[in-house]
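Worksheet for the structure shown next.
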Amino acid sequence: MKAWSERVRREGARIGFVPTMGYFHEGHLALMRRAKELADKVVVSIFVNPIQFGPKEDFKTYPRDLERDARMAEEVGVDVLFSPPVEEMYPPSFQTFVEVTELSKPLCGAKRPGHFRGVATVVLKLFNIVSPQLAVFGLKDYQQYLVIKQMVRDLNLDVEIVGHPIVREEDGLAMSSRNTYLSPAERQSARCLYQALCLAQKRIKEGVQDVPVLKEELERFILAHPFTKIDYVEFCDPETLAPVARVEQETLLALAVFVGRARLIDNTILKP
Ligand code: PAF
């Protein structure tokens with residue numbers, strides 16, 4: 001991988017990179033297409049990164065299908081699919097980690113200890129191996145996008161980070177490889193995440209700005225759907241992720257909801 005990147009860069013080409021954990025859907029393909037628009041060559045990595053999963057999380061069962069992914073990536077015109085084995089990324093002697101301290105604390109960081117340390121570490125490793133000039137990340141993982149941007153700034157990396165809007169199913173459900181965990185009945189319930197985001201925006205338009213009031217209403221709405229369990233419903237500053245008490249300026253509304261065994265996340269920037 002390194003030799004290819006070195007050669008391509010020497011020839012003057014700009015490398016766009018899309019790091020993924022595979023099991024592609026339209027959301028991944030949109031990131032690849034965006035990278036193709038912005039760069040001369042596109043590298044996509046598939047690596048289910050063990051160090052970003054908690055001990056009780058779905059590392060072992062995370063969906064994988066390399067052959068199908070390879071076909072899909074080829075159809076989009078990806079130049080290189082990079083899928084390193086775990087033992088090569090983390091040999092037994094491995095002992096160095098990257099931590100973006102503050103942005104990793106709230107939201108998913110609070111619920112999934114060590115998750116963003118695992119994400120930042122693997123993304124830095126992948127950046128060092130692939131040497132891209134730009135990398136595209138989906139905004140469904142909004143906190144991840146902020147963490148990576150901060151890491152790039154703090155460690156003076158020469159990679160431009162591009163955020164790509166959330167890609168949704170027709171009924172609004174944000175695309176995710178974890179949607180495959182949903183039974184047909186759970187899939188119906190899962191629509192409530194996007195509907196909750198829309199409800200919040202509607203209530204704000206109606207003049208409701210108080211976050212505890214909005215939160216209570218959204219939680220009630222979500223829990224009225226079968227199979228749901230709320231992990232968090234948070235209103236935060238879209239840059240620092242500090243909690244806000246009133247929606248008086250652009251505010252990130254971030255949700256994490258279990259629907260059956262699938263932990264789904266979604267978010268929007270609310271406009272008062
Ligand atoms: O968003 C993901 O799929 C992963 O967190 C990433 C960025 C590929 C790192 O493992």
Side-chain angles (χ1 to χ4, degrees), residues 1 15-32 34-35 42-54 57-66 68-70 72-73 76 78 80-90 94 96-100 103-104 107-109 111-130 132 134-152 155 157 159-167 174-181 254 256 262-267:
M1 183 70 251
I15 301 174
F17 178 42
V18 182
T20 81
M21 299 206 298
Y23 212 71
F24 295 154
H25 49 65
E26 259 314 305
H28 293 113
L29 302 186
L31 304 184
M32 297 174 204
R34 183 80 181 277
V42 175
V43 178
V44 173
S45 65
I46 297 182
F47 182 65
V48 185
N49 175 33
I51 67 165
Q52 71 185 69
F53 289 79
E57 293 182 355
D58 55 345
F59 173 68
K60 286 220 172 83
T61 56
Y62 196 85
R64 293 160 167 91
D65 190 340
L66 192 55
R68 172 180 164 273
D69 285 350
M72 290 168 85
V76 176
V78 166
V80 174
L81 196 59
F82 175 57
S83 184
V86 173
E87 319 79 72
E88 245 178 71
M89 290 294 272
Y90 302 115
F94 188 85
T96 306
F97 296 88
V98 182
E99 212 164 320
V100 179
L103 284 169
S104 297
L107 308 177
C108 287
K111 299 291 177 177
R112 304 181 68 189
H115 171 67
F116 288 114
R117 179 186 193 246
V119 169
T121 302
V122 81
V123 170
L124 180 58
K125 280 171 69 69
L126 290 167
F127 282 178
N128 284 334
I129 297 165
V130 174
L134 74 94
V136 187
F137 288 83
L139 291 176
K140 180 168 76 71
D141 298 295
Y142 186 87
Q143 186 175 15
Q144 168 171 282
Y145 164 73
L146 289 189
V147 164
I148 299 301
K149 277 214 309 188
Q150 187 71 40
M151 175 183 78
V152 163
L155 300 182
L157 306 182
V159 187
E160 181 192 341
I161 303 300
V162 177
H164 190 80
I166 298 174
V167 179
M175 291 201 183
S176 162
S177 306
R178 289 192 170 99
N179 292 349
T180 54
Y181 298 156
R263 182 179 181 277
L264 306 180
I265 57 172
D266 205 343
N267 70 79

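Ligands are counted one by one from 1 in listed order, and the atoms in each one are counted from 1 as well. Index from 1, following the sequence. FYI, side chains are in, hydrogens and waters are out, and symmetry mates aren't considered; it's all heavy atoms of this structure.
Remark: among candidates Lys125, Gln52, Met21, the nearest residue to atom 10 (O) of ligand 1 is Gln52, based on non-hydrogen atoms.
The backbone N or O of Gln52 sits less than 3.5 Å from a side-chain atom of His115, completing a donor-acceptor pair.
Shortest non-hydrogen contact noted between Ser177 and Pro63 is O-CG, 3.8 Å.
Near Val122, meaning under 4.0 Å from any of its heavy atoms, are these atoms of ligand 1: 9 (C), 10 (O). Every atom of ligand 1 is numbered from 1 in the order shown, and the set under 4.0 Å from a heavy atom of Thr20 is 8 (C).
Counting only residues at least two apart or on different chains, the side-chain hydrogen bond (donor to acceptor under 3.5 Å, both in side chains) pairs with a member in residues 137-150 are Tyr145-Lys149, Gln150-Arg153, Gln150-Asp154.
Cation-pi geometry between Arg68 and Tyr23 is met: the NZ or CZ atom falls under 6.0 Å from the ring centre, inside 45° of the normal.
In this structure Arg34 satisfies the salt bridge (Lys or Arg N to Asp or Glu O under 4.0 Å) test with no other residue, sequence neighbours excluded.
Checked by distance only, ligand 1 and Asn49 stay at 3.5 Å or farther apart across all their nitrogen or oxygen atoms.
In this structure, the protein non-hydrogen atom closest to atom 7 (C) of ligand 1 is Gln144 NE2, 3.5 Å.
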